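Everything below concerns the one structure shown next.
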Amino acid sequence: MSYSYQIRSLEQYQAVYQQSVQDPEGFWEGIAKTFQWHKKWDKVLDWDFTGPDIKWFQGAKLNITENCLDRHLAERANQPAIIWEPNDPEDHYRVLTYKELHFKVCQFANVLKNNGVKKGDRICIYMPMVPELAIAVLACARLGAIHSVVFGGFSAQSIADRIQDAQCSLVITADGGYRGNKEIPLKNVIDDALVRCPSVTRVIVLTRTRMAVSMIKGRDVWWEDEIKKIETQGNPDCPAEVMDAEDTLFILYTSGSTGKPKGVVHTCAGYMVFTNYTFVNTFQYQRGDLHFCTADIGWITGHSYIVYGPLSAGATTVMFEGIPTWPDAGRFWDVVDKFKISILYTAPTAIRSLMGFGLDYVKGKDLGSLRILGTVGEPINEEAWHWYHEHIGKGRCPVVDTWWQTETGGILISNLAGVTPQKPAHATLPLPGVQPILVDEKGEEIHGNSVSGNLCIRFPWPSIIRTTYGDHERCRVNYFATYPGLYFTGDGALRDQDGNYRITGRVDDVLNVSGHRIGTAEIENAINMHTGVVESAVVGYPHDIKGQGIYAYVIFSSSHVDENLSRRDIIQTVARIIGPIAKPDKIQFVSGLPKTRSGKIMRRILRKIAEGETQNLGDTSTLLDPSVVEEIKNGKV
Ligand code: WT7
């Protein structure tokens with residue numbers, strides 16, 4: 001059995017693409033019809049990019065979980081929906097069939113209801129990568145409660161900021177989580193966060209590690225106890241809340257060029273249609289395939305291609321709790337071998353890291369079940385692409401290089417596995433319905449091929465960001481104001497002689513460290529929290545494994561007793577304020593920063609020095625004090 005809208009040849013791609021541009025509404029309507037609706041739309045699309053104000057499938061009524069669960073029960077109740085591989089390979093793996101997943105989602109939705117959750121409430125989820133995380137996400141969607149998943153690597157401060165911004169009423173967490181040989185004290189972190197979050201009146205705590213946790217009377221309850229209450233009440237069924245197409249499905253916080261992360265808002269219908277369509281087409285999903293996306297559900301990749309895309313397609317999705325290098329650097333290949341994975345979707349940083357461990361860890365693993373490989377999150381260099389293609393795919397699996405963003409909800413530019421041509425280090429062509437263009441600094445469109453510019457999209461696709469939670473103006477300014485009439489991605493790109501796109505990286509003050517997005521301003525704010533710091537400037541530099549490393553120039557107020565100790569304290573401060581993912585890789589103490597007469601830091605110069613390029617620093621004559629540049633060059637770490 002296949003999907004009616006799955007593209008199977010290059011010619012078909014070209015024809016479908018053309019149709020999607022000529023008649024976007026007809027195109028998306030045709031796909032949307034294949035889903036389950038309580039009521040179909042009155043209008044397919046209404047949009048303007050100035051507000052912005054974008055509405056897909058207006059008037060339609062649905063619940064995404066009926067499309068991810070209920071509608072599959074007739075034909076594949078006993079097919080695995082989720083296969084879960086624990087952190088420790090000695091522990092038992094788990095399989096949840098569609099029937100079981102449906103049951104558990106309804107059951108936990110009833111737990112949420114018992115705890116006062118209603119449609120529209122915001123729920124913060126801070127959990128390890130266990131099936132209950134997917135269950136919690138889907139249970140929220142079942143009730144129309146808005147989930148805000150926060151990645152387990154964020155600090156208490158970061159969680160508190162996100163909870164306060166969304167005014168969450170309930171938190172779902174676990175006692176702890178396992179990652180490699182570490183135990184992460186999740187509930188402890190939540191307790192620290194909640195000191196500053198009066199909006200939260202209830203915390204549901206799943207048992208995972210059974211490490212010691214504080215359980216506060218009247219606020220904290222155990223997941224397992226709450227499930228027991230549902231069992232004694234007898235009826236586990238939970239009818240799905242009927243949602244409007246444009247009701248909010250979830251909020252996901254992501255970093256921008258300002259200090260404060262923003263809550264990207266996605267809505268029900270468009271997000272469902274687009275993640276399903278892009279899943280089925282990019283990965284060429286076939287019935288029986290096992291799809292293994294190695295991301296964490298705390299990021300958009302996990303939302304779209306572990307949970308919603310695969311499940312709405314009735315696929316089997318594989319969830320992995322651990323890390324690629326534990327117990328050793330062969331873990332991914334063990335998982336592929338163990339379950340006979342067909343589709344592997346991972347990040348360039350993981351590939352580069354595993355590449356560094358050598359082929360010994362690949363040897364002896366049966367990777368013959370693999371059919372398709374994918375990458376996401378950052379530009380993939382040619383060397384890593386070839387290693388992946390040759391040593392993991394054995395030269396016979398197409399590699400899809402999927403470019404997209406938290407704000408886009410799903411894949412916008414990628415080859416379709418085995419259907420459209422692949423090209424190392426190139427995301428290649430837009431998905432149907434996606435209309436990318438390149439513009440110059442002034443916003444003039446750059447036509448033709450073999451050109452480069454800033455990447456914009458000129459027409460809405462169904463899962464485009466609708467707003468930034470609580471601050472629509474911020475959404476407008478960030479994405480729709482730089483080039484009026486266009487969605488601006490923040491990325492630079494090349495278009496080769498054949499029209500293939502190659503994403504070169506961010507052109508704003510956002511870093512991409514190991515595929516994780518962090519704003520330089522955010523890191524600077526955290527560094528500046530350290531008592532000894534007067535001022536700082538953060539830039540990215542090329543890093544062999546992480547893609548980009550974090551380089552911080554810091555003005556310190558007093559002389560150091562020990563420079564390295566000061567460095568460690570600053571790093572610790574950043575880990576406390578944001579989380580370990582934002583720790584600077586290099587810290588250089590400086591006596592001044594290169595500033596223009598108006599006080600603006602000239603990051604271009606700092607970036608070049610961090611990259612090791614000290615020769616062509618360009619014009620420094622506009623600097624207030626050009627001599628600091630010499631000092632900074634000489635003190636490079
Ligand atoms: C930024 C978005 C997409 C989900 C994971 C990251 C970079 C993403 C690619 C790719 C080159 C890529 C871009 C983008 N990026 N995929 N295939 N090739 N760059 O989501 O955290 O929202 O980050 O990641 O710079 O803007 P995100």
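Numbering of ligands and ligand atoms starts at 1, following listing order. Just so we're clear, the structure is a prediction, and the values are computed from it rather than from any experiment.
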**OP:** Enumerate the residue pairs fulfilling side chain to side chain donor-acceptor pair (under 3.5 Å) with a member in residues 483-494, sequence neighbours excluded, ordered by first and then second residue.
**Re:** W403-D491, Q405-Y487, N454-Y483
Original post:
Which pairs pass ring-ring contact (aromatic ring centres under 6.0 Å, His included) with one or both residues in residues 440-459, sequence neighbours excluded?
Top reply: W47-F459
Name every donor-acceptor pair, under 3.5 Å, that has one atom in a side chain of residues 379-389 and the other anywhere in the protein, sequence neighbours excluded.
{"unit_1": "N381", "atom_1": "OD1", "unit_2": "R352", "atom_2": "NH1", "d": "3.2"}
{"unit_1": "Y388", "atom_1": "OH", "unit_2": "L344", "atom_2": "O", "d": "3.3"}
{"unit_1": "Y388", "atom_1": "OH", "unit_2": "G374", "atom_2": "O", "d": "2.9"}

What are the polar N/O contacts of ligand 1 with the protein below 3.5 Å, with distances?
{"unit_1": "ligand 1", "atom_1": "15 (N)", "unit_2": "G377", "atom_2": "O", "d": "3.4"}
{"unit_1": "ligand 1", "atom_1": "16 (N)", "unit_2": "G377", "atom_2": "N", "d": "3.1"}
{"unit_1": "ligand 1", "atom_1": "17 (N)", "unit_2": "D401", "atom_2": "OD1", "d": "2.7"}
{"unit_1": "ligand 1", "atom_1": "17 (N)", "unit_2": "T402", "atom_2": "O", "d": "2.8"}
{"unit_1": "ligand 1", "atom_1": "18 (N)", "unit_2": "E378", "atom_2": "O", "d": "3.4"}
{"unit_1": "ligand 1", "atom_1": "19 (N)", "unit_2": "P379", "atom_2": "N", "d": "3.4"}
{"unit_1": "ligand 1", "atom_1": "22 (O)", "unit_2": "T406", "atom_2": "N", "d": "2.7"}
{"unit_1": "ligand 1", "atom_1": "22 (O)", "unit_2": "T406", "atom_2": "OG1", "d": "2.6"}
{"unit_1": "ligand 1", "atom_1": "22 (O)", "unit_2": "R517", "atom_2": "NH1", "d": "2.6"}
{"unit_1": "ligand 1", "atom_1": "24 (O)", "unit_2": "G377", "atom_2": "O", "d": "3.2"}
{"unit_1": "ligand 1", "atom_1": "24 (O)", "unit_2": "N512", "atom_2": "ND2", "d": "3.3"}
{"unit_1": "ligand 1", "atom_1": "25 (O)", "unit_2": "D491", "atom_2": "OD1", "d": "2.7"}
{"unit_1": "ligand 1", "atom_1": "25 (O)", "unit_2": "D491", "atom_2": "OD2", "d": "3.3"}
{"unit_1": "ligand 1", "atom_1": "26 (O)", "unit_2": "Q405", "atom_2": "NE2", "d": "2.9"}
{"unit_1": "ligand 1", "atom_1": "26 (O)", "unit_2": "D491", "atom_2": "OD1", "d": "3.4"}
{"unit_1": "ligand 1", "atom_1": "26 (O)", "unit_2": "D491", "atom_2": "OD2", "d": "2.6"}
{"unit_1": "ligand 1", "atom_1": "26 (O)", "unit_2": "R506", "atom_2": "NH1", "d": "2.8"}

Original post:
Nearest heavy-atom pair of P432 and Y277: which atoms, and what distance?
Top reply: CG-OH, 3.3 Å
Subject >> Side chains of Y285 and S342, donor plus acceptor under 3.5 Å >> reply: no
Original post:
Does some side-chain heavy atom of H472 sit less than 4.5 Å from a side-chain heavy atom of R474?
Top reply: no
